[in-house]
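Nothing here was measured: the structure is a model prediction, and the numbers come from that model.
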Amino acid sequence: MLTLENKPVHLTIVYTSDIHGHIMPINYGTNDETASGLARYATTVKQIRSTSNNVIVLDNGDLIQGTPLMTYYVKQRATTDINPMIQAMNHIGIDAGVIGNHEFNYGKTILQAAIEQSNFPWLAANVMDVETNEPKYGPPYLIKTIQGGIKVAIIGVTTHYIPNWESPEHISGIRFKDAFETVQSLVPYVRQNEKPDLVVVSYHGGFERDIETGEATEAITGENQGHAMCQIDGIDVLLTGHQHRELTGKINDVLVIQPGNNGSFYGKVDVQFTKGTHGWEVTNKQAHLQSLEHTSPEADILHMTEKLEKSTQQWLDQPIGYIKGEMTIDDPFQVRIDKHPFIEFIQKVQMEASGADISVTALLNNTSKGFTSTVTMRDVVANYIYPNTLVVLELQGKDIKAALEKSAAYFTLDESGSIVVNPAFEKPKPQHYNYDMWEGITYTINVAKPIGERVKELRYRGQPISKEGKYHVVLNNYRANGGGDYTMFQNKPVVKEIQKDAVELIREYFERYSTIEATVTKNFKVIAE
């Protein structure tokens, strides 16, 4: 017979990950309504809390960067207004947040202000202050006590791969400990000292292996360690993110989940506890991905963001320049195999800003539409979605060749012999931004050749590039730090750093020239022969 004392207790954990600046349910590139964002999520959290007292609400990182709203805030309002993402999360009333890699993109001042404005703790057990050797931004874990005295431990860690992407000045004085090793040492410590009934690890990182087969799905670099973490004894639930995947499952009896990005989905974990002879035991745990498609935005969130949103929209609609000729994009794949005027334009911006005569860029996603005859800030931020700065590296010819071979792996041949995208660049996560195009050199990629042997006719100023020769190359900070596993760029001499982000550099370029002529220099070919 059940009594009040041994009646099962239900806990609901809801969490977001990789929100990337999305509060309002709109696509800023088009202003179309979307079924995403914190305004819709706020409604859901309120509904869940109305039906249960045992609710824990978390955010798993990459919160404050990613939309024009946040770009405008950082550029125009950060010194006077509260961070809108923090304002929204404070209103929702989350219990804790985790530091994500993109939290560092705007620099330490913006991040520190966001943390100070938060009514909740930030967890990042492996983000250490170099001087104190203590977690820099908050406690390593949090204990929440719910009905019946049930104790829930939440450990927060982030991918330690951040120095491979981030501008050095944004992370100076910080040391990133190995995320797996941090969890491996913390779980037994928390189990022994806190005696929790449930251990949750909230990890801003993803899975390096297939969650069902255990087969490696990417190079084992340490960027993602979710599968390895599930081999650690004592973890009940692993909340993940970073890869923008939508998944649930179990690995070694650890319940795992990842809720995509931009707030289109949130993660919901239901745990049942039953009182046994040795105290509370977990008798059931389930994970679900929940869509916000049929959820209305909460009026309070819309109201508190309204003023900033209106200013952002006005800023986005300002014409900043004009295009003479054709610079629109209809087929992103075609842009990558046949030189496009939009790519040449970005290269020119980078070369002028840096003084380098060799430039590297990518078409950052498959939704880029290029520029029509009148260019607004909305067009710029819709096409250049990351707050990248520029770096000029001194590279040897062999580094350039290695980087081109890495990019050439983007392609493969289908059964008919046609050039198509290598599935490794589409699953488990789309990585079209990891295919680079170069300016200032000429080259041919022959997809019919084996990976690693595809780049031919590599020349600079008409002459073959020398393996040991030295060349100045401008590229974004993500790539310059080795992002996308471009390890040949790591630890190379830095000739110059341009500390303005790409959106600002594009705006300044239009200020100087007003009308830009669409041109194409056919300096590369992609063939299959």
Side-chain contact test, heavy atoms from C-beta onward, threshold under 4.5 Å: evaluate it for Thr374 versus Asp379 and give yes or no. no
Is it the case that the side chain of Asn481 and the backbone of Gly483 share a donor-acceptor pair, with hydrogens and angles ignored and the cut-off at 3.5 Å? no
Measure from the side-chain N and O atoms of Asn60 to the backbone N and O of Tyr203, and report whether any donor-acceptor pair falls under 3.5 Å. yes
If we count only N and O atoms by modelled type, under 3.5 Å, do the side chains of Gln313 and Glu309 hold a donor and an acceptor together? yes
The test is side-chain contact (heavy atoms from CB on, under 4.5 Å); show your working for Tyr73 and Met85 and say whether it passes. CA-CA 10 Å; Tyr73 166 76; Met85 302 306 296; over 6 Å; no
Parallel under 30°, tilted from 30 to 60°, perpendicular over 60°: which one fits the rings of Tyr161 and Trp165? perpendicular
Polar side chain donor-acceptor pair, Thr519 to Glu344, under 3.5 angstrom: yes
Derivation of the salt bridge (charged side-chain N to carboxylate O under 4.0 Å, His left out) call for Lys449 and Glu405: CA-CA 11 Å; Lys449 300 294 184 182; Glu405 291 288 3; over 6 Å; no
Tyr137/Trp122 aromatic ring centres below 6.0 Å: no
More than 12 foreign heavy atoms under 6.0 Å from NZ of Lys310: is that the case here? no
Verify, without hydrogens or angle tests, whether Asp357 (side chain) and Met351 (backbone) share a donor-acceptor contact under 3.5 angstrom. no
Neighbour count >12 (heavy atoms, 6.0 Å) for atom NZ, Lys467: no
Hey, is NZ on Lys401 packed in by over 12 heavy atoms from elsewhere, all under 6.0 Å? yes
Stepwise side-chain contact (heavy atoms from CB on, under 4.5 Å) check, Ser354 with His472: CA-CA 10 Å; Ser354 66; His472 289 181; over 6 Å; no
Say whether Asn523 and Thr442, considering side chains only, have a donor N or O and an acceptor N or O under 3.5 Å apart. no
Between CG on residue Leu308 and CZ on residue Arg77, distance to nearest 0.5 Å: 6.0 Å
Distance in Å, Asn477 CG paired with Asn388 CG, rounded so as to fall on 0.5 Å steps: 5.0 Å
State whether the side chain of Thr43 and the backbone N or O of Glu298 hold a donor-acceptor pair below 3.5 Å, judged by distance alone. yes
Positive for side chain to side chain contact (heavy atoms under 4.5 Å, CB included) with Leu316, one of Val380, Val381, Thr71: Val381
Answer yes or no: is there a side-chain heavy-atom contact under 4.5 Å between Ile257 and Lys268? no
State, to 0.1 Å, how close Thr67 and Gly21 come at their nearest heavy-atom pair, and which atoms those are. OG1-O, 2.8 Å
Using modelled atom types and a 3.5 Å cut-off, is there a donor and acceptor pairing between side-chain atoms of Asp18 and backbone atoms of Asp62? no
Please tell me whether Ser359 and Gln347 have a donor and an acceptor in their side chains that are separated by less than 3.5 angstrom. yes
Restricting to ring-ring contact (aromatic ring centres under 6.0 Å, His included), what partner residues turn up for Tyr266, sequence neighbours left out? Tyr41
Results of salt bridge (charged side-chain N to carboxylate O under 4.0 Å, His left out) for Glu504 - residues two or more places apart only: Lys75, Arg507
Quick check: Phe104 with Phe176 (ring centres under 6.0 Å apart)? yes
Please determine which of His20, His170, His244 meets the ring-ring contact (aromatic ring centres under 6.0 Å, His included) test together with His102. His20
Yes or no on side-chain contact (heavy atoms from CB on, under 4.5 Å) for Tyr410 and Gln431, after CA distance, side-chain angles and deciding distance? CA-CA 9 Å; Tyr410 178 78; Gln431 297 182 53; over 6 Å; no
Is the ring pair Tyr443/Phe524 parallel, tilted or perpendicular, if the boundaries are 30 and 60 degrees? parallel
Is the CG atom of Asn491 crowded by more than 12 outside heavy atoms at less than 6.0 Å? no
Assess whether side-chain hydrogen bond (donor to acceptor under 3.5 Å, both in side chains) is satisfied between Asn434 and Arg479, documenting all intermediate values. CA-CA 9 Å; Asn434 280 332; Arg479 189 69 83 235; 3.0 Å; yes
Step by step, work out the side-chain contact (heavy atoms from CB on, under 4.5 Å) result for His432 and Arg336. CA-CA 10 Å; His432 302 290; Arg336 296 183 177 103; 3.3 Å; yes
Checking Glu352 against Arg512 for the salt bridge (charged side-chain N to carboxylate O under 4.0 Å, His left out) test, could you report, in this order, the C-alpha distance in whole Å, the side-chain angles of both residues, the deciding distance, and whether it holds? CA-CA 11 Å; Glu352 180 157 317; Arg512 282 195 296 278; 2.9 Å; yes
Approximate separation, where rounding is to 0.5 Å, of Ile171 CD1 and Glu166 CD: 6.0 Å
Can you establish whether the number of heavy atoms outside Lys369 located under 6.0 Å from its atom NZ is more than 12? no
Within a radius of less than 6.0 Å around NZ of Lys348, do more than 12 heavy atoms belonging to other residues, nucleotides or ligands occur? yes
Any donor and acceptor pair, going by atom type alone, linking the side chain of Asn90 with main-chain N or O of Gln117 inside 3.5 Å? yes
Verify, without hydrogens or angle tests, whether Arg454 (side chain) and Ala408 (backbone) share a donor-acceptor contact under 3.5 angstrom. yes
To the nearest 0.5 Å, how far apart are OG in Ser264 and CD1 in Ile19? 8.5 Å
With rounding to the nearest 0.5 angstrom, report the CD1 to CG distance, Ile92 to Asp59. 9.0 Å
Mutual orientation of the aromatic rings belonging to Phe510 and Phe345 [parallel < 30°, tilted 30-60°, perpendicular > 60°]: tilted
Does the side chain of Ile162 reach to within under 4.5 Å of the side chain of Ile174, using non-hydrogen atoms? no
Please lay out, stage by stage, how Lys307 and Asp81 fare under the test salt bridge (charged side-chain N to carboxylate O under 4.0 Å, His left out). CA-CA 11 Å; Lys307 186 177 178 182; Asp81 295 357; over 6 Å; no
Under the 3.5 angstrom rule, does the side chain of Thr158 hit a backbone N or O of Ile99 as a donor-acceptor pair? yes
For the pair Ser418 (side chain) and Asp414 (backbone), establish whether a donor and an acceptor sit closer than 3.5 Å, ignoring hydrogens and angles. no
So if I apply the ring-ring contact (aromatic ring centres under 6.0 Å, His included) rule between Tyr435 and each of Tyr486, Phe411, Phe425, which one comes out positive? Phe411
With distance as the sole criterion, is a donor-acceptor pair present between the side chains of Thr487 and Lys406 under 3.5 Å? no
How long is the span from the OG atom in Ser118 to the CD1 atom in Ile82, to the nearest 0.5 Å? 8.0 Å
Backbone of Phe265 reached by a side-chain donor or acceptor of Ser291 within 3.5 Å: no
Carefully, step by step, assess Glu394 and Lys492 under the rule salt bridge (charged side-chain N to carboxylate O under 4.0 Å, His left out). CA-CA 6 Å; Glu394 182 179 274; Lys492 291 298 187 290; over 6 Å; no
